[in-house]
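What follows is a short report on a single structure.
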Amino acid sequence: MAAPTKEETALITKAYVFAEKAHEGLKRYSGEPFFIHVFATAKKLAEFGMGAKAIAAGLLHDVIEDTKATREEVESEFGEEILSLVDGVTKLGKLKYRGLKRHTESLRKLFVAIAKDIRVLIIKLTDRLHNMQTLQHVPLHKQRRIAEETLEVYAPLAYRLGMRTLNRELEDLAFPYVYPKEYKQVQELLRAQQQSKETQHHLEKVRKSLQKELAKEGMRNVKTESRIKGLYSLYKKLLRKNMDMENIHDISALRVVVPTVADCYKALGVIHGMWRPLPGRIKDYIAFPKPNGYQSIHTTIFTGDGGIVEIQIRSEQMHREAEYGIASHLSYKEGEGNGGKNVITSNLVWIASLLSYRSWFQSAKEDKPTDTSQGATIPPWLTDLAEAHGDTMEPQEFLEGLRADFFEHRIFVFTPKGDVVDLPLNSSPIDFAYAIHSDIGDHVAGAKVNGKLIALDTKLKNGDIVEIQTKNSSHPTTKWLEFAKTEMAKRKIRTALGERGR
Ligand code: MN
């Protein structure tokens, strides 16, 4: 890790002093000075290895919304780039999850669209982390909504950005607020399982003998550690496995971190030489990374005394990426030198990964050799993707193209309650109604946009608030087929027409 330059230290110090002064006298629900919150946010960003500007923006992220400081002041003191980061975070703060699960994907996309700069999203996620850590002080009626939003919007975004540690922290903090009964149940199950099998003691024995054997094979700089699965992720798995702990083999696992990719396979050889692996449970996510970029080798072994242990092997770089995800590619890349270009590349890759999720998954499934020769800060599955589009284009162009491609063909509109619905361009209130519920679609009588009655063939625009009026006596007509843009609406209209025709 490079030490911060004088300029970077000066920038962060200036932001620290500015934020502390701006928030002076303001308190959190906990009674603590408000500044503690922005400081915690900035500290986490530093832990992620984010650059000085992002850290400064973390310190300043609440000054426009919550203090007398103005946008103009922030811009004149800290410049345009930091202002735009703070602005982005402030805008994201206004988007709220209101509890309709089927619209959460749209809400996540809208987050991405608004954030524009990946750093905005990361600042917002770390902001949310501290808010979740202090959620017990927030009034009861707000706790549940905030926790649900965390579980449905923020945690999945962290996951897609490859920030697994953050994803897990957010999930486990939200879990008891959203599903209190289930949380207690899983906690109990885990406690019983850990006691009955003395799992920790057992795991420690396996870890020690493995460490010894690896050293004997001449492998140096190997780190081994045990980790226990996050409670929420355990809960989700239990739901798929009949709530039976016996069916889950990765509740606790050993992690082996080695210097290089070659060491990973060597360690696998050593492990399989010591213990017999469970057939069908060896997963090579190095050759075949997971869609979110996760890389490691997983194997599950019989320990010989009736126990079963999952072992995860990865290189140091993979470990860093697994912990910090996309943030690990942004580190020290902002600002001078060729840094600027790398930010663009990271941005591009980030947007590509969130928006072209499917094609990305396809490329991950193909058998692509892992090229470590670049020693790259950007893993091969990402460069593949960038190269596939980037050969004839500058990264900036590619980025613009991708953005245009997606966002110029979609619009985001809202229900009166603030749920986000994303629709293709030129969609009508009919499309909107069917996106909400087919029963609403089938009985549209009229529609209001931003409070005004409008014709049913009106083209909706980004940001419109749409209200559908229904009547039991209203039914689809053939005219509606011309108004509808989405396949779903057209299909449902045809079905309704057919039924009524009979
Ligand atoms: Mn905040």
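Order of appearance sets the numbers: ligands from 1, and atoms from 1 within every ligand.
Y159 does not carry R164 over the face of its six-membered ring by the limits of under 6.0 Å from the centre and within 45° of the normal. Relative to the ring axis of Y177, R144 does not place its NZ or CZ within 45° and under 6.0 Å from the centre. At least one cation-pi condition fails for K124 and Y154: the charged atom is not both under 6.0 angstrom from the six-membered ring centre and inside a 45 degree cone around its axis.
Ring orientation note: the planes of Y232 and Y179 are close to parallel, at an angle under 30° on the 30°/60° scale.
Counting backbone and side-chain atoms alike, H61 contributes an N/O/S atom closer than 2.8 Å to the Mn ion (ligand 1).
The atom name of the N/O/S atom in D62 closest to the Mn ion (ligand 1) is OD2. The N, O or S atom of D127 with the smallest distance to the Mn ion (ligand 1) is OD1.
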